[in-house]
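Below is one structure, written out as structure tokens; comments come after it.
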Amino acid sequence: MPGTKKLVIVESPAKAKTIAQYLGDGYEVLASVGHIRDLIEPKNLPAELKRGSLGKFSIDVENGFAPYYVVSDQKKKTVAELKRALKGADELYLATDEDREGEAIAWHLLDELKPKVPVKRMVFHEITKEAIQRAQENTRDIDTALVDAQETRRILDRLYGYEVSPVLWRKIGPGLSAGRVQSAATRLVVDRERERLAFVPAGYWDLSTQLTTSADSTQFEARLAKLGGSRVATGRDFDDKGQLKVQTSGRADAVALDEKAATALADALRDASVSVVVTSVDSKPYTRRPAAPFSTSTLQQEAARKLRFSARQTMSVAQGLYENGYITYMRTDSLNLSQQAIAAARAQASSLYGAESVSDKPRVYASKSKNAQEAHEAIRPAGDTFRTPGQLEGVLRGNDWKLYDLIWKRTIASQMADAKGSTASVVITAGPVLGDSVAEFAASGTVITFRGFLQAYEESRDEDRNDVAEPKEAKLPPLTAGQKLEIVDVEAKGHETSAPPRYTEASLVKTLEELGIGRPSTYASIISTIIDRGYVTPRGTALVPNWIAFSVVRLLEDYFTDLVQYDFTAG
DNA sequence: CAGTGAGCGAGCTTCCGCTTGACTT
């Protein structure tokens with residue numbers, strides 16, 4: 001006898017709980033808890049199949065690469081519960097995520113549960129009452145092309161991993177592994193180390209001066225930009241071989257200053273009779289836009305920079321916040337916010353920082369990630385009105401509170417107005433000195449007149465290599481062209497260019513995402529894998545490759561060239 | 001006859017991506 005309930009299956013138990021509230025009576029919502037079946041480990045195949053064409057991969061390599069799936073022991077209980085619930089249902093809704101894996105889970109459910117009642121595929125990208133209702137009214141069939149894509153991905157990964165890893169056992173050492181994703185990650189780290197080993201530092205000198213106007217006693221700093229009409233080289237003018245970069249004209253367009261020249265010039269400029277004059281003052285408007293709301297990778301990056309969390313730690317704290325209803329789903333590549341979330345962020349920003357601090361129109365962010373599947377929302381505070389970090393003090397503790405605070409600030413800021421101000425660039429001429437050459441100094445200062453989103457949140461950045469450290473907000477006194485200045489102090493400083501930095505967990509995750517390698521659910525475990533295999537060792541925040549990583553990458557490059565191309569390894 | 005050692009064969013390691021909780025340290 002068919003039941004009178006409708007069974008809805010989603011992937012996550014926490015999601016099931018929320019959705020059950022929205023759907024109310026007449027629906028039972030259960031979770032598959034991820035995949036329910038997978039390729040069996042070849043060693044666990046029935047003895048008679050181990051010797052056949054399935055034996056090596058659990059994929060029948062002689063019969064159209066047919067996969068051999070099993071429900072694992074851990075999943076038997078879940079599947080039994082789903083079967084039991086299905087008996088009391090008159091309709092089945094497969095509401096797994098709308099991405100490649102989710103579509104495959106839906107198909108596996110269908111294949112395993114063998115329902116005799118009508119089945120509908122239902123998808124939603126945000127967990128709000130409206131979205132769920134809309135999804136219910138717009139069901140579709142399973143997308144078999146997407147299911148096939150997932151199966152192909154799965155088969156290819158097994159073939160790559162289980163074919164190549166044994167080569168490493170024989171040639172390099174036991175227990176090693178290779179795979180589409182981990183080998184690309186290892187190669188990135190090794191390639192960077194090769195660049196570091198090949199790097200030749202370049203030494204160069206520059207000059208900075210403290211200046212003052214006669215009217216005003218405020219001092220400001222200016223850097224030597226040109227000498228005798230030629231641009232003075234800074235760190236970014238050098239290549240990784242320690243040579244000045246050559247332009248298309250075949251010549252370097254900057255000259256490097258050595259210690260002798262720099263100190264001689266500094267000494268000459270200390271002479272009070274040298275004339276120092278403002279030659280031009282240029283003012284340009286400055287605007288800065290807020291960063292998009294968090295996806296998994298940007299959350300991991302920012303939590304590493306601001307909170308010093310490891311990728312794994314970030315995910316574990318976020319999981320806790322998600323399960324207890326404080327944030328939305330934490331494994332996502334989407335930058336979208338639901339309409340309700342946008343409204344909530346704007347209302348909260350408006351009441352906290354004033355209506356003028358909110359952007360004119362709702363901001364929409366597009367994912368730059370190569371193979372984003374956007375099955376969820378961006379990571380944001382849960383609910384139609386956000387709880388402020390202040391309201392949660394004493395409720396959330398320690399790292400939980402810190403991560404919530406970060407997510408809340410980023411979400412609010414993403415709907416706020418641009419920061420505005422102006423950047424003044426001043427050119428100052430000193431000289432003639434040392435014969436008849438003229439030294440040209442440059443100074444710039446940014447004044448922010450409207451803070452906008454900066455009131456809530458500012459994204460931190462990794463320092464760019466060989467960049468001149470620009471002060472974020474530096475005030476210049478009012479200056480006009482032709483104005484005379486006085487030199488308070490001149491300093492010649494020696495510098496050396498630095499090698500490209502090693503990857504950190506954060507920068508590796510960023511690069512993997514940009515290359516389309518790995519998924520939000522796997523970034524943290526990719527790092528664990530390459531550490532566990534002994535390919536890299538964390539030293540501080542840096543990931544340092546070991547000799548074994550060099551051996552493995554070298555072998556893969558020499559004998560499996562196609563497999564380690566970064567574009568092949570993209571998901 | 002007891003003890004040693006060479007030689008052989010069998011069994012183990014491994015992939016990626018989706019979810020938690022059950023483990024150990």
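Model, not experiment: these values are computed from the prediction.
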Could you state the [atom1]-[atom2] distance from [X] to [N], rounded to the nearest angstrom?
X	N	atom1	atom2	answer
Tyr69(A)	dC15(B)	OH	P	18 Å
Glu163(A)	dT14(B)	CD	C1'	12 Å
Asn324(A)	dT20(B)	CG	C1'	14 Å
Gln150(A)	dC18(B)	CD	P	9 Å
Leu512(A)	dC16(B)	CG	P	11 Å
Leu146(A)	dG17(B)	CG	C1'	14 Å
Met315(A)	dG21(B)	CE	C1'	16 Å
Asn44(A)	dT14(B)	CG	P	13 Å

(request) Would you say whether Tyr162(A) stacks on dC15(B)? The test is a distance between ring centres of less than 5.5 Å and an angle between planes of less than 30°. (result)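 Here Tyr162(A) fails the 5.5 Å or the 30° condition.
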Distance test, side-chain N/O of [X] to OP1/OP2 of [N], below 4.0 Å:
X	N	result
Arg158(A)	dG17(B)	no
Gln74(A)	dT20(B)	no
Ser521(A)	dG17(B)	no
Ser525(A)	dC16(B)	no
Ser165(A)	dC15(B)	no
Arg100(A)	dG17(B)	no
Tyr160(A)	dT14(B)	no
Ser177(A)	dC15(B)	yes

Identify which nucleotide among [options] has an atom closest to any side-chain atom of [X], counting heavy atoms from C-beta outward.
X	options	answer
Asp97(A)	dG17(B), dT19(B), dG21(B)	dT19(B)
Asp157(A)	dG17(B), dT20(B), dC16(B)	dC16(B)
Glu41(A)	dT20(B), dT14(B), dC18(B)	dT14(B)
Pro166(A)	dT20(B), dC18(B), dT14(B)	dT14(B)

So [X], base contact, sugar-phosphate only, or nothing? Heavy-atom distance under 4.0 Å.
X	answer
Ala178(A)	sugar-phosphate
Tyr329(A)	sugar-phosphate
Arg533(A)	sugar-phosphate

For residues [X] and [Y], is any side-chain donor paired with an opposing acceptor at under 3.5 Å?
X	Y	answer
Glu505(A)	Thr541(A)	no
Tyr27(A)	Gln136(A)	yes
Tyr160(A)	Arg180(A)	no

(message) Does atom CD (Gln339(A)) have a neighbourhood of more than 12 heavy atoms from anything else shown, all under 6.0 Å?
(response)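 Count not over threshold, so no.
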(message) So for Arg154(A) and dC15(B), does any side-chain atom that can act as donor or acceptor lie under 3.5 Å from a complementary atom in the base?
(response)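 Indeed there is one.
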(message) Between the base of dC16(B) and the side chain of Arg153(A), is there a donor and acceptor pair under 3.5 angstrom?
(response)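 Per atom types, the contact qualifies.
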(request) Might you point out which heavy atoms bring Thr296(A) and Met330(A) nearest each other, and give the distance in Å? (result)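 Taking every non-hydrogen atom into account, OG1-O, 2.7 Å.
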Close N or O pairs between protein and nucleotides 11-13 of chain B (under 3.5 Å):
residue	atom	partner	partner atom	Å
dT13(B)	O2	Gly175(A)	N	2.9

(request) Before accepting this row, confirm whether a basic side-chain N of the pair Lys5(A)/Asp25(A) lies closer than 4.0 Å to the acidic partner's carboxylate O. (result)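 Asp25(A) and Lys5(A): not salt-bridged.
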(message) Please determine whether a side-chain nitrogen of the Lys or Arg among Arg153(A) and Glu101(A) lies less than 4.0 Å from a carboxylate oxygen of the Asp or Glu.
(response)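 Result for this pair is yes, salt bridge flagged.
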(message) Which residue is it: Val553(A), Val552(A), Asn546(A), Thr529(A)? I am looking for the one with a side-chain contact (heavy atoms from CB on, under 4.5 Å) to Tyr535(A).
(response)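 Considering Val553(A), Val552(A), Asn546(A), Thr529(A), a side-chain contact (heavy atoms from CB on, under 4.5 Å) with Tyr535(A) is found only for Val552(A).
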(request) Return the 5'-most residue of the pair Asp38(A), Met330(A) with respect to DNA chain B, ranking by each residue's nearest nucleotide. (result)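 Residue closer to the 5' terminus by nearest nucleotide: Asp38(A).
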(request) For Gln182(A) and for His376(A), locate the closest nucleotide of DNA chain B by heavy-atom distance; then report the residue assigned to the nucleotide nearer the 5' terminus. (result)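 Taking each residue's closest nucleotide, the earlier one in sequence belongs to Gln182(A).
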Donor-acceptor list for residues 48-55 of chain A side chains, cut-off 3.5 Å, not counting sequence neighbours:
residue	atom	partner	partner atom	Å
Lys50(A)	NZ	Lys43(A)	O	2.8
Ser53(A)	OG	Asp60(A)	OD1	2.5

